[in-house]
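The analysis underlying the following values was restricted to heavy atoms, covering all of them including side chains, and did not include hydrogens, waters or symmetry mates.
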Amino acid sequence: MTSVRTESAPADVSVRDFPAGFLWGAATAAYQIEGAVDVDGRTPSIWDTFSRTPGRTAGGDTGDRATEHYRRYRQDVRLMSELGLGAYRFSVSWPRVQPTGRGPAVERGLDFYRRLVDELLEHGIEPAVTLYHWDLPQELEDVGGWPARNTAGRFADYAALVADALGDRVRLWTTLNEPWCSAFLGYGSGVHAPGRTDWTAALRAAHHLNLGHGLAVEALRAILPREARIAVSLNLHEVRPLTQSAADREAARRIDAVGNRVFTGPMLNGAYPEDLLADTAHLVDWPELVHDGDLATIARPIDLLGVNYYNPTVASALPDGQAPDSAAAASDAGHGDGAQSPFAGCADVLFHRAPGRRTAMGWPIDPSGLSDLLLRVHREHPGLPLMVTENGAAFEDRPTPEGAVHDPERIDYLRGHLDAVRRAIAAGADVRGYFLWSLMDNFEWAYGYGKRFGLYYVDYATQTRTAKDSARWYAEVIRRGALPDPRA
């Protein structure tokens, strides 16, 4: 990805239908829903440690219980079936399968995922496995974590264990989910586990996540049947300059480099962008970090690119004479209140929240960013199939006295963003599917249980699941394969 803005999708698209074979799904992550954190041999991940550290999460919430999906997965698969989902995207807990991050698998941990996959297939739902959604085994963090090169190799070994167990029944595989968050929120701004604030460590982590992805692709190709599809899911930033001034455009370019092209460059083009290397040369010794053969490994071909999108990023240059405010920059970037900006080396870049409607996360609602992002990736990487692997919104959902959960804001959000996907397809983007985030309310990382993204409302005291209005609306979209006429 080499530019900041894209051409917009056409404003007038008359067809509401999605292509035949379009894959309709919903997504979750292991630590956010499974609970059972000390059951069947599972050991702590970095998120267990982080969430149990006072002051790290809202209300001191942890994923210890979450939504008890480990025990209630059959009930949850029935909910998916009622929705009519074509696919369910879930992540495997690394410390449940390989507790120390080394050595053989724990069969009891793998058995849970075997049972889950079998249950999905019995209900006609395609399982879509994500190997890593942020829950690094704590023992690997203790010896360096993602800033350490050895972690990339450990990840490939773990990928092979999961592929051996599930490869005969799972066709859709994702190596990493949002490695930008793992690297830059986990090691840069400190708002995610393991909570470190070191831009050099964040950049080293980014490279080793890239390398781990490439090594995992190699491991999966050696084990999986030929028809299996391998992807990576990136939370690409739709970066927009506040104004068209040279200074603001330069600020947007820098954010695009460390927010997007630090991953798309090596993964899709086989090289780190020269401007990224120049921007961050004072933070990391790239010739020392990138070994011979790394880039070829990272660029192993993938079958799909997963795109996660929630809102655009608006950036500007720091006005002359204004001193950088690291904490303010971290907060305004929309990724939590960290000690410094997650965008390594960009302390002098300001972020701006667009006016208008926002979600409960404070994120602006702008579907045009999704269509623009999909078209940009399509233009810069023609021939690469795309899939929206996360998109959704948190709102202040509350049950009525009768027990119903009305969420018209979420329905409006989903309608706008699905329309953006449809417009991108009409303009030529090869988008194969859409996974809504999230199937159910869950532990929302540093925000604890206070932010609700789900189609199903979860009463955390009783673990009762209640379909929100948006669940019924999404089920109708899936049934029709089209957006309903908003005039109806």
Salt bridge present between [X] and [Y] (N-O < 4.0 angstrom):
{"X": "Glu82", "Y": "Arg78", "result": "no"}
{"X": "Asp294", "Y": "Arg149", "result": "yes"}
{"X": "Glu390", "Y": "Arg89", "result": "yes"}
{"X": "Arg452", "Y": "Asp441", "result": "yes"}

All side-chain contact (heavy atoms from CB on, under 4.5 Å) counterparts of Thr466, not counting sequence neighbours |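 side-chain contact (heavy atoms from CB on, under 4.5 Å) list for Thr466, sorted by chain: Val405, Tyr457, Thr464.
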
Which residues satisfy the side-chain contact (heavy atoms from CB on, under 4.5 Å) test with Arg432, sequence neighbours excluded?
->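 Residues passing side-chain contact (heavy atoms from CB on, under 4.5 Å) with Arg432: Leu304, Pro385, Met387, Asp430.
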
Ring-plane angle category for [X] and [Y], please: parallel below 30°, perpendicular beyond 60°, tilted otherwise.
{"X": "Trp24", "Y": "Phe18", "result": "perpendicular"}
{"X": "His335", "Y": "His237", "result": "perpendicular"}
{"X": "Trp445", "Y": "His192", "result": "tilted"}

Would you please name every residue forming a salt bridge (Lys or Arg N to Asp or Glu O under 4.0 Å) with Glu107, sequence neighbours left out?
->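 Result, salt bridge (Lys or Arg N to Asp or Glu O under 4.0 Å) vs Glu107: Arg114.
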
Stepwise ring-ring contact (aromatic ring centres under 6.0 Å, His included) check, Phe112 with Tyr73 = CA-CA 9 Å; Phe112 168 70; Tyr73 70 93; 5.5 Å; yes

Only one of Leu209, Asn235, Leu236 clears side-chain contact (heavy atoms from CB on, under 4.5 Å) with Trp180; which?
->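 Result: among Leu209, Asn235, Leu236, Asn235 is the only option passing the side-chain contact (heavy atoms from CB on, under 4.5 Å) with Trp180.
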
Apply ring-ring contact (aromatic ring centres under 6.0 Å, His included) to Tyr272 and list each qualifying residue two or more places apart in sequence or on a separate chain.
->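 Only His207, Trp286 meet the ring-ring contact (aromatic ring centres under 6.0 Å, His included) criterion with Tyr272.
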
For Phe50, what residues pass the ring-ring contact (aromatic ring centres under 6.0 Å, His included) criterion, not counting sequence neighbours?
->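 Phe50: ring-ring contact (aromatic ring centres under 6.0 Å, His included) contacts with Trp47.
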
Without hydrogens or angle criteria, can the side chains of Arg240 and Ser368 be said to hold a donor-acceptor pair below 3.5 Å?
->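 Per modelled atom types, Arg240 and Ser368 side chains form a pair under 3.5 Å.
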
Are a donor atom and an acceptor atom from the side chains of Tyr31 and Ser91 found within less than 3.5 Å of each other?
->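 Short answer, no.
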
Start with the C-alpha distance between Asn391 and Tyr310, add both sets of side-chain angles, then the distance that settles side-chain hydrogen bond (donor to acceptor under 3.5 Å, both in side chains), and finish with yes or no.
-> CA-CA 6 Å; Asn391 176 243; Tyr310 292 93; over 6 Å; no

How far apart are the C-alpha atoms of Val258 and Leu276, what are their side-chain angles, what is the distance that settles it, and do they pass the side chain to side chain contact (heavy atoms under 4.5 Å, CB included) test?
-> CA-CA 7 Å; Val258 79; Leu276 168 73; 4.3 Å; yes

Salt bridge (Lys or Arg N to Asp or Glu O under 4.0 Å) contacts touching residues 35-46 (sequence neighbours left out) |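 Matches after skipping sequence neighbours: Arg42-Asp48.
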
How far does OH of Tyr132 sit from CG of Asn177, to the nearest 0.5 angstrom?
->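 Taking OH in Tyr132 and CG in Asn177, the distance rounds to 10.5 Å.
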
Tell me whether the guanidinium CZ or amine NZ of Arg96 lies under 6.0 angstrom from the six-membered ring centre of Tyr70 and within 45° of its axis.
->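 Yes, cation above the ring, under 6.0 Å and within 45°.
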
Donor-acceptor contact below 3.5 Å, side chain His208 vs main chain Pro147 =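 Judged by distance alone, yes, a pair lies under 3.5 Å.
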
